[in-house]
Amino acid sequence: MIINHKYKYIFIHIPKSAGTSITKALYPFSNKHDLFLGCNCGPETLVKEDGFTIHKHSPATDIKMYATPERWSEYFVFSFVRHPVDRLISLYEWWKETNGDWDRKAKNEISKMSFKEFVFSKYTGKNQIEFLISGFERKHHFADVKYSVEMDFIGRHASLHKDFSYICGLLNLPQVYLSHENKSNKRRKSQDSYLDDEIVQEIKRKFNQDYRVFNFK
């Protein structure tokens with residue numbers, strides 16, 4: 001998660017959607033007044049004097065509150081999303097390779113799972129759209145897709161370099177090189193080798209809001 005005051009932008013870091021690569025690429029163009037969380041660019045979590053806490057993967061509602069609504073309106077707010085199938089494969093392989101010191105129970109359980117077991121488990125996380133909601137309209141449930149998303153740009157992992165280049169141009173940043181961070185070394189080359197009909201249907205069920213809102217196929 002980034003709040004940059006010089007270039008006036010806010011980046012919302014959705015897990016396993018190229019956020020580490022983006023944060024590390026933009027870090028050299030920051031100063032001590034900017035806020036970078038995670039990715040070895042800053043602390044994972046920040047706690048204010050009043051106890052309000054934000055994390056590198058905090059949702060837009062919390063970041064807007066921390067940054068102030070005035071800055072949220074003035075700054076360029078962006079994020080990146082990833083196809084749910086590709087994102088879950090990446091998340092699964094990441095759990096397999098990480099040491100998981102912060103959650104040994106999850107690490108131990110996922111280490112024994114096949115990808116199919118992982119997809120049907122409680123460890124797959126929430127829809128990406130939930131990270132981008134900055135406010136709810138009254139008397140509407142999220143399932144009705146009645147939400148407030150105040151974003152200037154939502155890029156796609158599938159077109160990462162093109163979309164990131166576009167953002168750099170808008171912000172008057174140099175054309176920054178994006179390295180491939182947190183790459184899963186043991187990921188199979190074929191995505192289809194992870195999948196069967198039951199897995200695909202379960203991913204679509206769990207992440208139906210992402211499929212609908214971002215028009216994933």
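Positions are given from 1 along the sequence.
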Subject >> Pi-cation contact, Phe216 with Arg156 (under 6.0 Å, within 45°) >> reply: yes

Original post:
Which heavy-atom pair separates Arg87 from Lys16 by the least distance, and what is that distance?
Top reply: CG-O, 3.8 Å

Original post:
From Asn108 CG over to Asp103 CG, what is the distance, rounded to the nearest 0.5 angstrom?
Top reply: 9.0 Å

**OP:** Write down the atom of Asn99, the atom of Lys107, and the distance for their closest heavy-atom approach.
**Re:** O-CG, 3.7 Å

**OP:** Determine, using ring centers only, whether Phe118 and Tyr92 are less than 6.0 Å apart.
**Re:** yes

Original post:
If you round to the nearest 0.5 Å, how far is CD1 of Ile63 from OG of Ser58?
Top reply: 5.5 Å

**OP:** Please list all pairs passing the salt bridge (charged side-chain N to carboxylate O under 4.0 Å, His left out) test where one or both residues lie in residues 162-179, with sequence neighbours left out.
**Re:** none

Original post:
Ignoring hydrogens and geometry, is there a side-chain-to-backbone donor-acceptor pair from Thr98 to Trp94 under 3.5 Å?
Top reply: no

Original post:
Should we count CG of Asn31 as having more than 12 external heavy atoms under 6.0 Å?
Top reply: yes

Original post:
Between Ile167 and Phe76, is any pair of side-chain heavy atoms under 4.5 Å apart?
Top reply: yes

Subject >> From CA spacing to verdict: side chain to side chain contact (heavy atoms under 4.5 Å, CB included), Val200, Val85 >> reply: CA-CA 8 Å; Val200 172; Val85 171; 5.5 Å; no

**OP:** With sequence neighbours left out, write down each residue that passes ring pair (Phe, Tyr, Trp, His ring centres under 6.0 Å) with Phe52, or none if nothing qualifies.
**Re:** none

Original post:
Measuring from Lys105:NZ to Ile110:CD1, what's the distance to the nearest 0.5 Å?
Top reply: 9.5 Å

**OP:** Take Tyr7 and Tyr75 through the test ring pair (Phe, Tyr, Trp, His ring centres under 6.0 Å) and record every step on the way to the result.
**Re:** CA-CA 8 Å; Tyr7 291 97; Tyr75 288 16; over 10 Å; no

**OP:** Under the ring pair (Phe, Tyr, Trp, His ring centres under 6.0 Å) rule, what do His13 and His57 come out as? Steps first, then yes or no, please.
**Re:** CA-CA 5 Å; His13 183 170; His57 294 311; 4.4 Å; yes

**OP:** With side chain to side chain contact (heavy atoms under 4.5 Å, CB included) as the test, would you mind laying out the steps for Leu178 and Ser21 before giving the verdict?
**Re:** CA-CA 6 Å; Leu178 273 180; Ser21 297; 4.2 Å; yes

Original post:
Within a reach of under 6.0 Å around CG of Asn40, are more than 12 heavy atoms found that belong to other residues, nucleotides or ligands?
Top reply: no

Subject >> From CA spacing to verdict: ring pair (Phe, Tyr, Trp, His ring centres under 6.0 Å), Phe207, His83 >> reply: CA-CA 10 Å; Phe207 298 96; His83 192 286; over 10 Å; no

**OP:** Could you tell me whether Lys6 sits above the aromatic face of Phe29, with NZ or CZ closer than 6.0 angstrom to the six-membered ring centre and within 45 degrees of the axis?
**Re:** no

Subject >> Distance flag, aromatic centroids of Tyr166 and Phe153, threshold under 6.0 Å >> reply: yes

Original post:
Aromatic rings Trp95 and Trp102: how do their planes relate, parallel, tilted or perpendicular, breaks at 30° and 60°?
Top reply: tilted

**OP:** Quick one: pull up CG in Leu160 and OG in Ser165 and give me the separation to the nearest 0.5 Å.
**Re:** 10.5 Å

Original post:
Side-chain contact, heavy-atom cut-off 4.5 Å: Thr45 with Thr53?
Top reply: yes

Subject >> No-hydrogen, no-angle side-chain donor-acceptor test under 3.5 Å, Lys206 and Thr124 >> reply: yes

Subject >> Exercise: identify the closest heavy-atom pair between Arg104 and Asp101 >> reply: NH1-OD1, 3.2 Å

**OP:** Have a look at Met1 and tell me which of Thr23, Leu35, Asp62 forms a side chain to side chain contact (heavy atoms under 4.5 Å, CB included) with it.
**Re:** Leu35

Original post:
Shortest non-hydrogen contact from Met113 to Glu117?
Top reply: CA-OE1, 3.2 Å

Original post:
What are the two closest non-hydrogen atoms of Phe80 and His157, and how far apart are they?
Top reply: CD2-N, 4.3 Å

Original post:
Given side chains that start at C-beta, do those of Leu88 and Tyr194 come closer than 4.5 Å, heavy atoms only?
Top reply: no

Original post:
Could you state the interatomic distance from CG (Leu26) to SG (Cys39), rounded to the nearest 0.5 Å?
Top reply: 10.5 Å

Original post:
Would a 4.5 Å heavy-atom cut-off, applied to side chains only, mark Phe78 and Asp152 as touching?
Top reply: no

**OP:** List the atom of Glu74, the atom of Lys8, and the distance in Å for their closest heavy-atom pair.
**Re:** OE2-NZ, 2.7 Å

Subject >> Heavy atoms from other residues, nucleotides or ligands near NZ of Lys126 exceed 12 (cutoff 6.0 Å) >> reply: yes

